Amino acid sequence: MFDDEAPRRTVTGWDPVRLGVHLAPGRDGTVDLPLTEYLPRPHDETLRQRLARTAATNDAGFVLLVGRSASGKSRAAYEAVAAVLPDWPVVHPADADDLIAADIGPRTVLWLDETQRYLNGAMGERAARALRGLLDRVAPLAVVGTMWPEHLRRLTENRRGSEDEAPFVRALLTGRHARITVPDTLSADTSAVAAAAARDPRLAAAVRAAGPGHRVLQHLTGGPELVRCWDMGPDQWFTAPEHAVLTAAVEARRLGPADAVPAGLLKEAAAGFMDATARATAGKEWFPAAIGTLTTAGSGPVPLIAERHEPGVGDPDSYRPDDYLEQHIRRVRAHRAPPAELWSGAAWARTADDLYAFGRSAEQRRRYGCAAVLYENAVNRGHGRARAAWAVLRETTDGRAAAEETAASDPVAWAALAVAREAGGDRPAAYDAYRHAARAGDAWAWPAMARIREEEGDPAAADAVAALAAEAGQPLAWRNLGRMRAAHDGPAAAKAFAQATEVGDGWGHIGLAQVAERAGDLREAVEHAARAADAGVTAAWARLVRLHWSLGDFASAVAAATGNAEGWSLLAQLRHADGDVSGAAAAHREAAALGVGAAWRELALLAESDGNGAAAEEAAAQAVRTGDPEAWTALAEAREERGDDAGAAQAAAEAARAGDLEAWITLARGRERAGDTEGAERAAGLAADRGSAAAWAALSRMRERAGDRDGSRQAVLRAGALGASDAWTALGRTREELGDTAAAERAYIRGCEAGDTEAYAALGALYLEQGRPAEACAAYRSAVDAGLPDAWEELLSALTVQAPRAASAQTVERLRTTGLPAE
C-alpha cells in the first residue's frame, strides 16, 4: 500500500528514481548525483499545455507519454509536473491493487510510470474501470502515464477472430486522452545540447558516445554499454549464468506478465538459456551468485533490479531487467521461442493472470502441450477465462469429448467452443455448444442459436429458439432475427421486432421504425421511433430527426434534436447537405455544447470553406480544449489541398503541439507528390523531432513508386534510425507490388534484422511464391515462434509442398493436432 506520507508529497518531494527517472552516473560510477540539466524538446510544450489546461479548466485529464526505453518519458513528466503543477500532491500506486484502492481527491497528480504494469490481466481490467471512474468524478485531476510503443500495441490490438478480453483497458487507452509521442533523440537543437554539455561532463561524454545519431539520452544512462556487454555473449563480460539470468528475465516479461519476475521462475527459466557445459560447471550457488553480481551497481546502470512483492520487509523475491537492455533483448529475440524451461518455470508465476498470459503466449507459438499445462494451472488458481481457452485447445489436441469434459458447466467455455466450431465450419457441433452455453446462463448463446437456424433456412426453428429465449428473459434473439429478415422480408422482420417489444425490448421499436421507413410509411416510422425514445433508447432521437426532416417537418426535427448530441450532429449534416451553412454551424455548436468534440472540427472546416480562416482557427483551438487535436490536422489537410502551404504548415504545427503528428505526415506526403522534396523532408523532420518516424517511412514508399531508389533508401534509413522497425517491411511490400522481388527480399531481410516479426511472414510468402519451400518454412517458423496468428497455417502449407509429399502430409497432420514441441 501507499507510504503514509506519499499521497501528500508534491513532485519535488519524491526521489525522481522512485518515479522512474533514470539517473546519469558519473565517470567513477557514482549514481547519486543530481539530475542532469533538462533540455526541453517539442513534446514538452504539448505536455505542459495539457497539464495547464487540466488545471485551468477544472477538468480531469489523462496524458500518456509513449516512447522507447531511455527516451526521457519519465523525466519529461517529472519536469512538466514540477513546472505546471508544483503544489499538487503526487500519488504513485505500487500496483493495480493500490490504484483500485486509492482514495484520490481533486488537485492531485496520479503518477502511473510504466502504465502497462497496472493494466495487465483481469486485475488490469478492474484498474482501468477504477481509473475511468476517477476521471469521471474527480476534478481537477491529472493522470500521467508512460509506456513503450510495443506495450501500447499489445494492450490495444484486437486480433481478428479473437474475443476482446480487455475492453475497459482498450477503451481507456484508445479513448479521448492525450497520447504524446516522445522521440529518443536530441536532434532538434544541437546548439542547446552543446551548451549544456559544456556545463556537465556527463552530458559531454554522452554526446561524444552518441556521435551523429543524436541518441544522447541512452548513452547518458549507460544503456548502450550494457547492451554491448550482453551482445558479447556468455562467458565474456557476463558469466554464462549471469547472461542466462538476464535473458530469462527479459523473455519472461516478453511472454508473460509485465511485472517483476519471481525468483523461482527466473531460476528455472535461466537454466534453459545455458548450454550443457555451463550447466555442469556453474556450481551449486550459481543463481544467488549471479543475482548478487547483476543487482550490484558497477560503473554504469544495474543490469537487474531487485524488488519485493510479498508483504512486509525482507529479502527481494522478484527481479526485472534494466529497461534499455530489455528493449534490446526483446528485439533480438522477437522471432525466437524460449526453451522449455521457461514454460515449465512459469508455474512459479505470481498470479492466475500471469499463468494465463504465459498460456496465451505458448498457444500463440503453437506450443500446445505447454499451453495446456499453464491453462490448467490458471484454472486451478481461479482464473475466469482460462477454462475457455483450455477447452478450445483440448478440442484441437485431444478431441471433442475431452474439450467438453474440460468445459464442464462453464458458460464462457461452452460459448468459446461454439465460436471455434462455427469458425471451423461445423455448425451442428457449434449449435450444440451454444445450447450448453445457454443452459449454463450465457445470454448471447440464444441469438446465436436462432441465427444458425435462420441461416440454415428454417425460420420456424429460429422462431422457436427466439421464443424459448424470450421465456428465459432474453429478447435479443427476436431482435437479431428481425435485423436478419429486414432486408428481404419486411413482414417477417416486423413480426420478429414486435415479439421483441412484447418482452420489453425498446430496441424492437427501432426495428419496426426501420421496417416502416423501408416500406415508405414515414409517419408510422415516426410513431415507432417515438415509442423507442419513450422506452429510453437514446439512439431513437437521431432517427426521429431524420424522419421529421424527410417529412418536411423541420420544427419537429429541431425538437427531436434538442438535448441530444447525436441528433444535433445529424441535423447539422442534413442542413449542410441542403446548403444551409449557417444552420449547420448552429447545429454543430449545439452538439459541441453537449460534449461532441468533433463538432468543433466540423465548425472549423465550415468556417475554412467559407473563407473565414480566423474563425476556423478559433474553432480548431476550441476543439483542442475539448480533447480533439485532429481538428488542426483536418484544417491542415484542407489548406494543403487548396495550395495554402503556409496556412497548412501553421495548422500542422498547432496539431503537433496538441499531440497529433498525423498532420506533418500528411504534409510530407502532399509535398512529395507536388515535387517539393525539400518541403517534404522538412515536414518529415518536424514529425521526427516530435517522435514519429512514420513520415520518413511514408516518403520511402512514395519515392520507391516514383523510381527514386536512392531517395527511398535514404528515407527508410532515416525511419529505421528513428525506431521505425516496420519501415523496411513496408518498403519491401511496395517493391513486391512493383515487381522487384529481389529488392523486396533485401528489404524484408533488413526488416528481420530490425526486429519486425511481420517481415518473417512476408519473407515466407515471397519464398513460397518463388518455389523455395525450405526457405519459406524457415521464415514462417520464425513468424510462428514470434506469435503471429496467421503464420501457423502458412507454415503448414509450406510444409506440404516439400518432398517427400507423403511424409510431409503426415507431419502436417501431426503438427496440426499436437503443435510444436517446446524448444
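These numbers were taken from a predicted model, which means no experiment stands behind them. The residues of the chain are indexed from 1 along the displayed sequence.
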Is [Y] paired with [X] through a side-chain N to carboxylate O contact shorter than 4.0 Å?
{"X": "Arg330", "Y": "Glu251", "answer": "no"}
{"X": "Arg107", "Y": "Asp87", "answer": "yes"}
{"X": "Glu363", "Y": "Arg367", "answer": "no"}

**Request:** Walk me through it: do Arg336 and Asp785 pass the test salt bridge (Lys or Arg N to Asp or Glu O under 4.0 Å)?
**Result:** CA-CA 5 Å; Arg336 299 182 64 179; Asp785 286 348; over 6 Å; no
**Request:** Taking ring pair (Phe, Tyr, Trp, His ring centres under 6.0 Å) as the test, write out the residues that go with Phe358, two or more places apart.
**Result:**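 In terms of ring pair (Phe, Tyr, Trp, His ring centres under 6.0 Å), with neighbours along the sequence ignored, Phe358 is linked to no residue.
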**Prompt:** With sequence neighbours excluded, what pairs up with His243 under the ring pair (Phe, Tyr, Trp, His ring centres under 6.0 Å) test?
**Reply:**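 Partners of His243 by the ring pair (Phe, Tyr, Trp, His ring centres under 6.0 Å) criterion, ordered by chain and then number, come out as Trp230.
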Distance only, no hydrogens: is a donor on one side chain within 3.5 Å (strictly under) of an acceptor on the other, for [X] and [Y]?
{"X": "Thr351", "Y": "Asp354", "answer": "yes"}
{"X": "Asp113", "Y": "His92", "answer": "no"}
{"X": "Ser71", "Y": "Asp184", "answer": "no"}
{"X": "Glu307", "Y": "His309", "answer": "yes"}

**Request:** Tell me, with the steps shown, if Glu404 and Arg421 meet salt bridge (Lys or Arg N to Asp or Glu O under 4.0 Å).
**Result:** CA-CA 12 Å; Glu404 294 180 352; Arg421 290 172 178 179; 3.0 Å; yes
Result block: side-chain N/O donor-acceptor pairs under 3.5 angstrom for residues 266-274, not counting sequence neighbours:
residue, atom, partner, partner atom, Å
Glu268, OE1, Trp348, NE1, 3.2
Glu268, OE2, Ser344, OG, 2.9

Distance-only check: which donor-acceptor pairs under 3.5 Å involve side-chain atoms of residues 435-444, not counting sequence neighbours?
residue, atom, partner, partner atom, Å
Arg435, NH2, Asp432, OD1, 2.1
His436, ND1, Asp432, O, 3.0
Asp442, OD1, Trp444, N, 2.9

**Item:** Pair listing, side chain to side chain donor-acceptor pair (under 3.5 Å) test, anchored in residues 406-417, at least two apart
**Value:**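 Output for this query lists Arg394-Thr406.
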**Asked** With no hydrogens and no angle check, is any side-chain donor or acceptor of Arg365 less than 3.5 Å from a backbone partner on Ser361?
**Response**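 Judged by distance alone, yes, a pair lies under 3.5 Å.
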**Request:** Would you list the pairs meeting ring-ring contact (aromatic ring centres under 6.0 Å, His included) in which at least one residue belongs to residues 248-267, sequence neighbours left out?
**Result:**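 Qualifying pairs: none.
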